[in-house]
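Residues: numbered from 1 along the sequence shown. Both ligands and their constituent atoms are indexed starting at 1 by order of listing.
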Amino acid sequence: MTIAPVQSSPSLGSSGWTDARLILALEEVVEKELNRHLAIAKEWMPHEYVPWGQGRDFDGVLGGEAWSLGQSQVTPLGRVSLVVNLLTEDNLPSYHHEIATMFGREGAWGTWVHRWTAEEGRHGIAIRDYLLATRAVDPVELERARMSHMSEGFESDNAHSMLHSVAYVAFQELATRISHRNTGKYAGDPLADQLLAKIANDENLHMVFYRNLLKAAMEIAPDEAMRAIADVVTDFRMPGHGIPGFERAAAQIAIGGVYNLRIHHDDVLQPVLRHLRVMETTGLSAEGLLAQDRLGAFLDGLDAQATKFEERQAALLARREARRNAG
Ligand SMILES: [Fe+2]
Ligand SMILES: [Fe+2]
(Lines give C-alpha, C1' and ligand atoms only; values in the text may rest on other atoms or scores of the structure.)
(Ligands and ions follow the chains in the order given, each with its own letter.)
Protein backbone atom coordinates (compact mmCIF):
# COMPACT_ATOMS: atom_id res chain seq x y z
CA MET A 1 0.00 0.00 0.00
CA THR A 2 1.12 3.54 -0.57
CA ILE A 3 1.65 5.26 2.75
CA ALA A 4 2.99 8.56 1.42
CA PRO A 5 4.11 9.98 -1.90
CA VAL A 6 7.78 9.52 -2.70
CA GLN A 7 9.93 12.55 -2.15
CA SER A 8 13.53 12.88 -3.16
CA SER A 9 15.87 12.78 -0.20
CA PRO A 10 18.95 14.93 0.03
CA SER A 11 22.31 13.21 0.38
CA LEU A 12 23.89 12.34 3.72
CA GLY A 13 25.26 14.97 6.08
CA SER A 14 28.67 16.54 6.23
CA SER A 15 30.25 14.47 9.03
CA GLY A 16 32.38 12.44 6.63
CA TRP A 17 30.44 9.16 6.66
CA THR A 18 30.36 7.71 3.17
CA ASP A 19 28.64 4.45 2.26
CA ALA A 20 32.03 2.78 1.81
CA ARG A 21 33.19 3.84 5.29
CA LEU A 22 29.91 2.76 6.90
CA ILE A 23 30.05 -0.64 5.19
CA LEU A 24 33.57 -1.14 6.51
CA ALA A 25 32.68 0.11 10.01
CA LEU A 26 29.66 -2.23 10.20
CA GLU A 27 31.42 -5.34 8.85
CA GLU A 28 32.03 -6.74 12.34
CA VAL A 29 28.39 -6.22 13.34
CA VAL A 30 27.26 -7.93 10.14
CA GLU A 31 29.48 -10.91 10.93
CA LYS A 32 28.12 -11.16 14.48
CA GLU A 33 24.49 -10.84 13.33
CA LEU A 34 25.05 -13.30 10.49
CA ASN A 35 26.42 -15.90 12.92
CA ARG A 36 23.54 -15.30 15.31
CA HIS A 37 21.09 -15.70 12.41
CA LEU A 38 22.73 -18.93 11.18
CA ALA A 39 22.64 -20.36 14.70
CA ILE A 40 18.90 -19.77 15.22
CA ALA A 41 17.46 -20.17 11.69
CA LYS A 42 16.14 -23.73 11.43
CA GLU A 43 16.11 -25.56 8.10
CA TRP A 44 12.60 -26.15 6.76
CA MET A 45 11.21 -27.85 3.67
CA PRO A 46 8.74 -25.89 1.53
CA HIS A 47 7.43 -29.09 -0.14
CA GLU A 48 6.17 -30.41 3.21
CA TYR A 49 3.71 -27.52 3.47
CA VAL A 50 2.03 -28.06 0.08
CA PRO A 51 -0.99 -30.42 -0.11
CA TRP A 52 0.14 -32.20 -3.28
CA GLY A 53 -2.74 -34.70 -2.88
CA GLN A 54 -5.17 -31.92 -3.84
CA GLY A 55 -3.28 -31.27 -7.10
CA ARG A 56 -4.27 -32.44 -10.59
CA ASP A 57 -3.40 -31.65 -14.20
CA PHE A 58 -4.59 -28.42 -15.76
CA ASP A 59 -6.04 -28.03 -19.23
CA GLY A 60 -3.68 -27.17 -22.07
CA VAL A 61 -0.67 -29.39 -22.80
CA LEU A 62 -1.78 -32.20 -20.45
CA GLY A 63 -5.51 -31.96 -21.27
CA GLY A 64 -6.54 -31.84 -17.60
CA GLU A 65 -9.24 -29.82 -15.88
CA ALA A 66 -9.45 -26.06 -16.45
CA TRP A 67 -9.26 -23.76 -13.42
CA SER A 68 -12.49 -22.33 -12.02
CA LEU A 69 -13.28 -20.14 -9.05
CA GLY A 70 -15.18 -22.69 -6.96
CA GLN A 71 -12.31 -25.21 -6.83
CA SER A 72 -10.71 -23.74 -3.70
CA GLN A 73 -11.94 -22.84 -0.23
CA VAL A 74 -9.65 -19.79 -0.02
CA THR A 75 -11.54 -16.55 0.73
CA PRO A 76 -11.65 -13.64 -1.78
CA LEU A 77 -9.48 -11.59 0.61
CA GLY A 78 -7.07 -14.50 0.97
CA ARG A 79 -6.76 -14.81 -2.82
CA VAL A 80 -6.01 -11.13 -3.38
CA SER A 81 -3.56 -11.04 -0.52
CA LEU A 82 -1.77 -14.28 -1.43
CA VAL A 83 -1.25 -13.00 -4.97
CA VAL A 84 0.16 -9.64 -3.79
CA ASN A 85 2.46 -11.43 -1.33
CA LEU A 86 3.62 -13.90 -3.98
CA LEU A 87 4.28 -11.28 -6.67
CA THR A 88 6.20 -9.26 -4.09
CA GLU A 89 8.36 -12.31 -3.33
CA ASP A 90 8.71 -13.00 -7.08
CA ASN A 91 10.69 -9.80 -7.63
CA LEU A 92 13.60 -11.28 -5.67
CA PRO A 93 16.10 -10.89 -8.56
CA SER A 94 15.60 -7.12 -8.40
CA TYR A 95 15.94 -7.04 -4.59
CA HIS A 96 19.05 -9.20 -4.79
CA HIS A 97 20.51 -6.86 -7.37
CA GLU A 98 19.88 -3.90 -5.11
CA ILE A 99 21.43 -5.27 -1.94
CA ALA A 100 24.31 -7.00 -3.77
CA THR A 101 25.13 -3.66 -5.40
CA MET A 102 24.72 -1.71 -2.16
CA PHE A 103 26.32 -4.08 0.38
CA GLY A 104 28.74 -5.93 -1.93
CA ARG A 105 29.25 -9.64 -2.41
CA GLU A 106 32.42 -10.04 -0.34
CA GLY A 107 33.06 -10.99 3.26
CA ALA A 108 30.29 -11.17 5.86
CA TRP A 109 28.12 -8.73 3.88
CA GLY A 110 28.29 -10.98 0.81
CA THR A 111 27.56 -14.12 2.84
CA TRP A 112 24.49 -12.41 4.28
CA VAL A 113 23.32 -11.16 0.85
CA HIS A 114 23.46 -14.69 -0.60
CA ARG A 115 21.99 -16.43 2.42
CA TRP A 116 19.12 -13.93 2.62
CA THR A 117 18.43 -14.40 -1.10
CA ALA A 118 18.34 -18.19 -0.69
CA GLU A 119 15.86 -17.92 2.20
CA GLU A 120 13.65 -15.47 0.33
CA GLY A 121 13.73 -17.77 -2.70
CA ARG A 122 11.77 -20.48 -0.92
CA HIS A 123 8.92 -18.10 -0.06
CA GLY A 124 7.88 -17.60 -3.68
CA ILE A 125 8.39 -21.29 -4.45
CA ALA A 126 6.24 -22.44 -1.53
CA ILE A 127 3.39 -19.96 -2.05
CA ARG A 128 3.19 -20.69 -5.81
CA ASP A 129 3.20 -24.47 -5.20
CA TYR A 130 0.40 -24.05 -2.64
CA LEU A 131 -1.71 -21.85 -4.95
CA LEU A 132 -1.36 -24.23 -7.90
CA ALA A 133 -1.87 -27.48 -5.98
CA THR A 134 -5.00 -26.12 -4.29
CA ARG A 135 -6.24 -24.21 -7.37
CA ALA A 136 -6.69 -21.13 -5.20
CA VAL A 137 -6.11 -18.64 -8.04
CA ASP A 138 -6.35 -18.54 -11.84
CA PRO A 139 -2.94 -19.89 -12.95
CA VAL A 140 -3.03 -18.04 -16.29
CA GLU A 141 -3.78 -14.69 -14.65
CA LEU A 142 -1.10 -15.37 -12.05
CA GLU A 143 1.55 -16.13 -14.67
CA ARG A 144 0.65 -13.04 -16.69
CA ALA A 145 0.80 -10.88 -13.57
CA ARG A 146 4.21 -12.36 -12.69
CA MET A 147 5.56 -11.68 -16.18
CA SER A 148 4.27 -8.14 -16.15
CA HIS A 149 5.47 -7.38 -12.61
CA MET A 150 8.95 -8.87 -13.01
CA SER A 151 9.41 -7.30 -16.44
CA GLU A 152 9.06 -3.90 -14.80
CA GLY A 153 11.74 -4.80 -12.24
CA PHE A 154 11.85 -3.08 -8.89
CA GLU A 155 13.67 0.10 -8.18
CA SER A 156 13.97 1.01 -4.55
CA ASP A 157 13.15 4.47 -3.27
CA ASN A 158 16.17 4.10 -0.99
CA ALA A 159 19.03 2.97 -3.22
CA HIS A 160 20.82 6.31 -2.88
CA SER A 161 22.38 5.50 0.51
CA MET A 162 23.18 2.35 2.45
CA LEU A 163 21.64 3.69 5.67
CA HIS A 164 18.39 4.37 3.83
CA SER A 165 18.48 0.83 2.44
CA VAL A 166 19.11 -0.70 5.87
CA ALA A 167 16.39 1.42 7.51
CA TYR A 168 13.92 0.50 4.76
CA VAL A 169 14.45 -3.26 5.04
CA ALA A 170 14.25 -3.16 8.85
CA PHE A 171 10.66 -1.89 8.53
CA GLN A 172 9.84 -3.73 5.33
CA GLU A 173 10.77 -7.21 6.65
CA LEU A 174 8.43 -6.64 9.60
CA ALA A 175 5.70 -5.35 7.25
CA THR A 176 6.09 -8.52 5.17
CA ARG A 177 5.98 -10.69 8.26
CA ILE A 178 2.71 -9.11 9.41
CA SER A 179 1.26 -9.26 5.92
CA HIS A 180 1.99 -13.00 5.52
CA ARG A 181 0.73 -13.71 9.04
CA ASN A 182 -2.58 -11.86 8.56
CA THR A 183 -3.06 -13.30 5.08
CA GLY A 184 -2.86 -16.76 6.66
CA LYS A 185 -5.32 -15.74 9.34
CA TYR A 186 -7.96 -14.63 6.81
CA ALA A 187 -7.23 -17.14 4.00
CA GLY A 188 -9.92 -19.58 5.06
CA ASP A 189 -7.59 -22.60 4.82
CA PRO A 190 -5.57 -23.83 7.81
CA LEU A 191 -2.91 -25.13 5.40
CA ALA A 192 -2.35 -21.63 4.00
CA ASP A 193 -2.16 -20.32 7.55
CA GLN A 194 0.42 -22.96 8.48
CA LEU A 195 2.61 -22.21 5.45
CA LEU A 196 2.42 -18.43 5.86
CA ALA A 197 3.24 -18.66 9.57
CA LYS A 198 6.41 -20.53 8.61
CA ILE A 199 7.33 -17.88 6.03
CA ALA A 200 6.51 -15.10 8.51
CA ASN A 201 9.00 -16.65 10.89
CA ASP A 202 11.77 -16.24 8.28
CA GLU A 203 10.74 -12.60 7.73
CA ASN A 204 10.94 -12.00 11.47
CA LEU A 205 14.53 -13.22 11.60
CA HIS A 206 15.37 -10.97 8.64
CA MET A 207 13.82 -8.01 10.45
CA VAL A 208 15.89 -8.75 13.57
CA PHE A 209 19.09 -8.84 11.48
CA TYR A 210 18.43 -5.48 9.84
CA ARG A 211 17.07 -3.87 13.01
CA ASN A 212 20.23 -4.83 14.94
CA LEU A 213 22.34 -3.51 12.09
CA LEU A 214 20.41 -0.25 12.15
CA LYS A 215 20.95 -0.06 15.90
CA ALA A 216 24.71 -0.35 15.41
CA ALA A 217 24.55 2.33 12.70
CA MET A 218 22.71 4.63 15.12
CA GLU A 219 25.59 4.26 17.54
CA ILE A 220 28.37 5.10 15.07
CA ALA A 221 26.57 7.65 12.87
CA PRO A 222 23.54 8.85 14.87
CA ASP A 223 22.71 11.93 12.79
CA GLU A 224 22.92 10.12 9.46
CA ALA A 225 20.95 7.16 10.81
CA MET A 226 18.27 9.47 12.23
CA ARG A 227 17.99 11.22 8.89
CA ALA A 228 17.72 7.89 7.04
CA ILE A 229 15.04 6.59 9.43
CA ALA A 230 13.01 9.82 9.14
CA ASP A 231 13.25 9.77 5.32
CA VAL A 232 12.30 6.10 5.06
CA VAL A 233 9.37 6.26 7.50
CA THR A 234 7.89 9.39 5.96
CA ASP A 235 8.18 8.02 2.39
CA PHE A 236 7.42 4.35 3.04
CA ARG A 237 5.93 2.29 0.24
CA MET A 238 5.49 -1.50 0.17
CA PRO A 239 7.80 -3.20 -2.37
CA GLY A 240 4.78 -4.57 -4.26
CA HIS A 241 3.50 -1.13 -5.25
CA GLY A 242 4.27 -1.82 -8.94
CA ILE A 243 1.99 -4.90 -9.12
CA PRO A 244 -0.74 -4.60 -11.78
CA GLY A 245 -3.96 -3.48 -10.01
CA PHE A 246 -2.04 -2.85 -6.78
CA GLU A 247 -4.15 0.11 -5.59
CA ARG A 248 -7.37 -1.87 -5.76
CA ALA A 249 -5.79 -4.91 -4.12
CA ALA A 250 -4.23 -2.72 -1.42
CA ALA A 251 -7.65 -1.22 -0.63
CA GLN A 252 -9.16 -4.71 -0.17
CA ILE A 253 -6.18 -5.76 1.93
CA ALA A 254 -6.59 -2.63 4.09
CA ILE A 255 -10.34 -3.00 4.66
CA GLY A 256 -9.97 -6.73 5.33
CA GLY A 257 -7.41 -6.04 8.09
CA VAL A 258 -4.42 -7.77 6.48
CA TYR A 259 -2.40 -4.56 6.17
CA ASN A 260 -3.50 -0.98 6.66
CA LEU A 261 -2.45 2.31 8.22
CA ARG A 262 -3.33 1.23 11.76
CA ILE A 263 -1.31 -1.98 11.41
CA HIS A 264 1.53 -0.08 9.73
CA HIS A 265 1.69 2.47 12.55
CA ASP A 266 1.09 0.16 15.54
CA ASP A 267 2.63 -3.15 14.48
CA VAL A 268 5.43 -2.16 12.10
CA LEU A 269 6.73 1.38 12.69
CA GLN A 270 6.27 1.69 16.45
CA PRO A 271 7.83 -1.64 17.54
CA VAL A 272 11.03 -0.97 15.55
CA LEU A 273 11.21 2.71 16.59
CA ARG A 274 10.62 1.81 20.24
CA HIS A 275 13.17 -0.99 20.20
CA LEU A 276 15.79 1.38 18.76
CA ARG A 277 14.67 4.17 21.12
CA VAL A 278 14.65 6.45 18.08
CA MET A 279 12.47 9.17 19.61
CA GLU A 280 14.49 9.10 22.87
CA THR A 281 17.90 9.38 21.19
CA THR A 282 19.92 12.27 22.60
CA GLY A 283 23.22 13.89 21.67
CA LEU A 284 22.16 14.60 18.10
CA SER A 285 23.43 17.54 16.07
CA ALA A 286 21.02 20.19 14.75
CA GLU A 287 20.54 18.10 11.61
CA GLY A 288 19.74 14.94 13.59
CA LEU A 289 17.33 16.83 15.86
CA LEU A 290 15.54 18.22 12.85
CA ALA A 291 15.09 14.72 11.44
CA GLN A 292 13.85 13.43 14.82
CA ASP A 293 11.27 16.26 15.02
CA ARG A 294 10.16 15.63 11.45
CA LEU A 295 9.70 11.93 12.29
CA GLY A 296 7.73 12.72 15.46
CA ALA A 297 5.38 15.07 13.64
CA PHE A 298 4.87 12.50 10.86
CA LEU A 299 4.03 9.73 13.35
CA ASP A 300 1.42 11.92 15.06
CA GLY A 301 -0.16 12.67 11.69
CA LEU A 302 -0.09 9.01 10.69
CA ASP A 303 -1.76 7.97 13.95
CA ALA A 304 -4.56 10.47 13.27
CA GLN A 305 -4.90 9.22 9.67
CA ALA A 306 -5.01 5.64 10.93
CA THR A 307 -7.87 6.54 13.28
CA LYS A 308 -9.78 8.12 10.40
CA PHE A 309 -9.15 5.01 8.33
CA GLU A 310 -10.52 2.82 11.12
CA GLU A 311 -13.71 4.90 11.24
CA ARG A 312 -14.19 4.49 7.47
CA GLN A 313 -13.42 0.79 7.75
CA ALA A 314 -15.94 0.27 10.57
CA ALA A 315 -18.64 2.17 8.63
CA LEU A 316 -18.00 0.15 5.47
CA LEU A 317 -18.04 -3.17 7.29
CA ALA A 318 -21.28 -2.17 9.08
CA ARG A 319 -22.91 -1.33 5.71
CA ARG A 320 -21.77 -4.69 4.29
CA GLU A 321 -23.17 -6.50 7.31
CA ALA A 322 -26.51 -4.66 7.02
CA ARG A 323 -26.69 -5.55 3.32
CA ARG A 324 -25.98 -9.20 4.12
CA ASN A 325 -28.72 -9.27 6.78
CA ALA A 326 -31.20 -7.56 4.44
CA GLY A 327 -30.36 -9.94 1.58
FE1 LIG B 1 9.99 -13.27 1.84
FE1 LIG C 1 12.47 -11.44 4.34
Mind telling me whether [Y] and [X] have parallel, tilted or perpendicular rings, with 30° and 60° as the class edges?
X	Y	result
W109	F103	tilted
H123	W44	parallel
F154	H241	tilted

Of the backbone and side-chain N, O or S atoms of [X], does one lie nearer to the Fe ion (ligand 2) than 2.8 Å?
X	value
H206	yes
E119	no
D202	no

So, of the N/O/S atoms that [X] has, which is the nearest one to the Fe ion (ligand 1)?
X	result
E120	OE1
H123	ND1
E203	OE2

**Q.** R36 atom CZ, neighbour heavy-atom count above 12 within 6.0 Å
**A.** yes
Q: Mark yes when over 12 heavy atoms from residues, nucleotides or ligands other than Q270 sit less than 6.0 Å from its CD; otherwise mark no.
A: yes
Q. Are Y130 and Y49 close enough that their ring centres sit under 6.0 Å apart?
A. no
**Q.** Name of whichever N/O/S atom of E173 is nearest to the Fe ion (ligand 2)
**A.** OE1
